Amino acid sequence: MPKVIEGVYFIPGQDEMIPDSHTYVVGNPSSKDLSLIDPGLTGKGNYKIESIKKMGIELSDIKRVIMTHTHFDHIGCLSEIKKKIQDAELWIHTLEANPLEKGDERTVYGMGMFQKMCQMQYGIKPGAFTFQIDRKLQGGETLEIGGMNWEVIHIPGHSLGSIALYYKPQKTLIPGDVIYADYAIGRYDLYGANGAELKKSLMRLAKQDIEILLPGHNPIVTKLQSNYVLQTVKQWEAYLE
Ligand SMILES: [Zn+2]
Ligand SMILES: [Zn+2]
């Protein structure tokens, strides 16, 4: 199901030993002002680019990459994507943008052991994830992109600079790895993560009217039951201290 609703396209992640995040393309194609959300795992750039082309989307219409957060499984193929879409800007929450500009990769890998594993598996050198960020997001702003208005909600807890993108007219939420289908939530044991913050972020999301849930992994949901986020919080709150 590549097209979820008008102006929202879905490219499923292709998990390997390490998961590959889903990629979304948002914006009305006629606007020629599209945004790619979360590139994915190292090595998946070609797959994502070919999938975009198959949907009939012109690469030159993609004007920016927006990251829900910068974990390895989301940012891994960013440089592959940037090679193919050279003029695309990069928009990331300021709390993860600033470290990336300095070459601080603690958020990218989350933990030292994982860093060594990824660097060995993919032959990645230290400093590979140093990027200049074109726009640093704060949370609370409304992005007028692709003929749609997307609200940015800062939802730390899984990582410091996690954001959700929310499109109110179609009750559509792109929450990165903060909440998934089947009452699952993102892990909160990595660098910069925090269970109590995650709970607060989930409560922030619970205030929104959400019908379509487009997470970073696992199934997407197009008919979410009401109060889904709140019920998910209830299942987890004893652990989120
Ligand atoms: Zn992820
Ligand atoms: Zn993550």
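Note that ligands are numbered from 1 as they come in the structure, with each ligand's atoms numbered from 1 the same way. Here the structure is a predicted model, which is why all the values come from computation and not from measurement. No hydrogens, no waters, no symmetry mates; every other heavy atom, side chains included, goes into these values.
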Single hit among Met111, Arg106, Glu105, Met113 for side chain to side chain contact (heavy atoms under 4.5 Å, CB included) with Tyr109: Glu105
Name the orientation class of the two ring planes belonging to His69 and His158 (parallel below 30°, tilted from 30 to 60°, perpendicular beyond 60°). perpendicular
Hey, mind stepping through Ile163 and Ile153 against side-chain contact (heavy atoms from CB on, under 4.5 Å) and telling me if it holds? CA-CA 5 Å; Ile163 56 162; Ile153 308 170; over 6 Å; no
Side chain of Glu80, backbone of Gly43: donor and acceptor closer than 3.5 Å? yes
To the nearest 10 degrees, could you say what angle the Zn ion (ligand 1) makes with OD2 of Asp73 and OD2 of Asp177? 150°
Below 2.8 Å, can you find an N, O or S atom of His74 next to the Zn ion (ligand 2)? no
For the atoms NE2 of His158 and ND1 of His71, give the angle they form at the Zn ion (ligand 2), rounded to 10 degrees. 90°
